[in-house]
Amino acid sequence: MAGKSLPAAGPADASASRPELSEEPSRRTRIVRLRKRPDFLKAAKGARASVPAFLLQMVPSREAGSDARCGFTVTKKMGNAVARNRIRRRLKEVARQVMPLYAEPGCDYVLVGREAALTRPFLLLLSDLRAALARIQRASLSQNPGGPKSSER
RNA sequence: GCAGAGGGCCGGAUGGCCGCUCUACCCUUCGGGGUGGGGAGGAAAGUCCGGGCUCCACGGAAACACGGUGCCGGGUAACGCCCGGCGGGGGCGACCCCAGGGAUAGCGCCACAGAAAGCAAACCGCCCGGCCAGGCUCUGGCCGCGCCGGGUAAGGGUGAAAGGGUGCGGUAAGAGCGCACCGCGCCUUCUGGCAACAGAGGCGGCACGGCAAGCCCCACCGGGAGCAAGACCAAAUAGGGAUGGCGCUUGGGUCGUUUCCGGCCUGCCGUCCGGGUCGGUCGCGCGAGGCGCCGGGUGACCGGCGUCCCAGAGGAAUGGUCAUCCCCUCGCAUCCUUGCGGGGGACAGAACCCGGCUUACAGGCUCUCUGCCGCC
């Protein structure tokens with residue numbers, strides 16, 4: 001029911017990428033953890049969308065057929081190690097629930113934690129991420145219309 | 001019962017749903033999947049000490065420099081830690097606190113105040129003598145401002161500290177000048193103790209001030225760096241070595257005196273070796289190990305037996321979320337002990353591993369002991 005906010009390019013290449021995998025009815029994108037520093041630096045230069053609990057960064061990285069990747073950044077400004085761990089873990093859980101349904105394959109995402117991520121109700125975090133994903137995909141479409149086409153190739 | 005002292009321990013519980021990671025077994029279409037099991041702390045923190053481990057350096061040892069430690073005995077792998085004593089200080093007491101070797105090895109310092117701060121001295125005083133303005137007087141004398149000379153350290157005042165304290169005697173006034181007690185110093189002394197030290201005895205009228213966390217002296221200890229240590233596997237690229245082929249009709253260099261001719265190097269392609277970057281694997285989880293019982297010891301701790309295997313990530317797993325319960329708190333209601341609703345539940349996250357120390361910490365449990373009050 002929430003899938004209608006996605007761009008039209010999404011379902012096409014998602015089904016084309018894994019035709020042989022399985023015949024599950026819902027379209028799910030596999031999410032891989034982003035771990036290398038250069039990837040984080042690249043994502044920081046891409047499109048961004050801000051909500052109270054975090055900042056979402058996105059860059060179309062590689063071929064459209066591959067998985068989406070997602071990383072997390074929580075700086076030392078956010079507090080001590082316990083607070084940082086908790087922020088990252090809540091964001092991880094949000095990403096785990098939302099990204100497979102709404103993320104664009106072949107794109108790298110980075111969630112930069114903010115202090116509000118510590119206390120914001122979890123349901124709001126979920127809708128925050130859906131909204132941010134929608135915004136960021138609209139933004140990258142309008143700013144670079146040739147982008148998704150070339151990624152489809 | 002009230003007030004207090006010293007330890008020990010815990011630091012949310014249970015259950016859904018959805019995950020992460022390690023591991024054993026099974027399945028697999030080699031992508032992965034299933035089942036079982038493990039998965040943060042008392043401080044994981046600060047990184048302040050002590051070790052293990054690894055690499056580097058080094059002939060043994062000593063000395064010097066530098067740094068650390070500093071009552072005695074014990075514990076320990078070791079320590080700056082711990083335990084038990086000793087000494088000093090505080091508290092009615094249980095107990096608590098202490099950078100606690102040497103000040104006749106030497107140097108240095110002792111601010112302010114004060115007359116004087118380390119070697120004796122004397123500001124105000126006190127006392128004696130002389131001179132003397134003057135006064136009193138029974139014409140014997142007495143008192144005496146001031147000045148000079150001398151004796152004192154009782155009293156005053158300063159200070160963190162002023163050359164033992166208190167009392168009696170003594171004296172012109174005083175003073176260990178004498179005596180008693182306390183204190184202090186010394187001793188081939190005695191007693192107890194492994195010792196630090198304590199007690200007794202004798203001698204000495206008795207200062208030898210303090211600071212060594214200023215330098216220093218003495219005794220003892222210490223090589224350096226750290227898991228990003230270190231070991232192994234190993235793309236790409238640059239450059240290196242070996243070797244094979246081609247080229248060497250053309251070049252350049254070089255060797256044999258020169259020409260011819262020939263060798264070698266330089267060029268291109270390939271193979272191998274070495275190297276070690278990104279990356280990967282190991283190091284890396286059986287240990288100065290946990291628990292229980294027994295024994296020794298005042299204790300730290302030690303010994304024996306049994307039993308258990310108990311986190312291993314790497315932009316960094318150990319969680320997210322919901323419900324119920326528990327505790328605290330606020331508001332409303334209330335049949336007065338319950339109901340409803342809201343908020344909150346500390347400090348804090350393993351990163352090679354141990355032993356300590358230090359610091360942070362909502363709330364709570366428990367043991368032993370002390371003082372006072374009450375009751376029997």
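In the text below, chain A, chain B and the rest are named by the order of the sequence lines, each starting its count at 1.
- G157(B) is unpaired under the criterion used here, namely a Watson-Crick or G-U wobble arrangement in which both key atom distances are under 3.5 Å.
- Base pairing of U368(B) is made with A5(B), judged by Watson-Crick or G-U wobble geometry with both donor-acceptor distances under 3.5 Å.
- Side-chain atoms of Ile31(A) and Tyr109(A), non-hydrogen and from C-beta on, never get closer than 4.5 Å to each other.
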Sort me out a list of protein N/O and nucleotides 345-347 of chain B N/O pairs below 3.5 Å, or just none if empty.
none

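- Apart from Leu124(A) itself, the hydrophobic cluster it occupies contains nothing, where clustering links Ile, Leu, Val, Met, Phe, Trp and Tyr at side-chain heavy-atom distances under 4.5 Å.
- Nucleic acid contact for Asn85(A): base, since at least one base atom lies under 4.0 Å from a heavy atom of the residue.
- By the 4.5 Å side-chain criterion applied to Ile, Leu, Val, Met, Phe, Trp and Tyr, Val112(A) is assigned to a cluster that also includes Leu34(A), Phe40(A), Leu55(A), Val110(A).
- Residues Leu129(A) and Met99(A) have side chains in contact (heavy-atom distance under 4.5 Å, counting atoms from C-beta outward).
- Taking hydrophobic clusters as Ile, Leu, Val, Met, Phe, Trp and Tyr residues chained together by side-chain heavy-atom distances below 4.5 Å, Leu41(A) does not share a cluster with Val74(A).
- Base orientation of A40(B): syn (glycosidic angle within 90° of 0).
- Judged as a salt bridge (charged side-chain N to carboxylate O under 4.0 Å, His left out), not a single pair has a partner in residues 72-86 of chain A (not counting sequence neighbours).
- Taken residue by residue, residues 112-124 of chain A places heavy atoms nearer than 4.0 Å to RNA chain B at Phe122(A).
- For C203(B), the paired base is G185(B) (Watson-Crick or G-U wobble, both distances below 3.5 Å).
- Across residues 86-94 of chain A, Arg86(A), Arg88(A), Arg89(A), Arg90(A), Lys92(A), Glu93(A) each have a non-hydrogen atom less than 4.0 Å from an atom of RNA chain B (numbered order).
- The base-pairing partner of G15(B), taking Watson-Crick or G-U wobble contacts with both distances under 3.5 Å, is C322(B).
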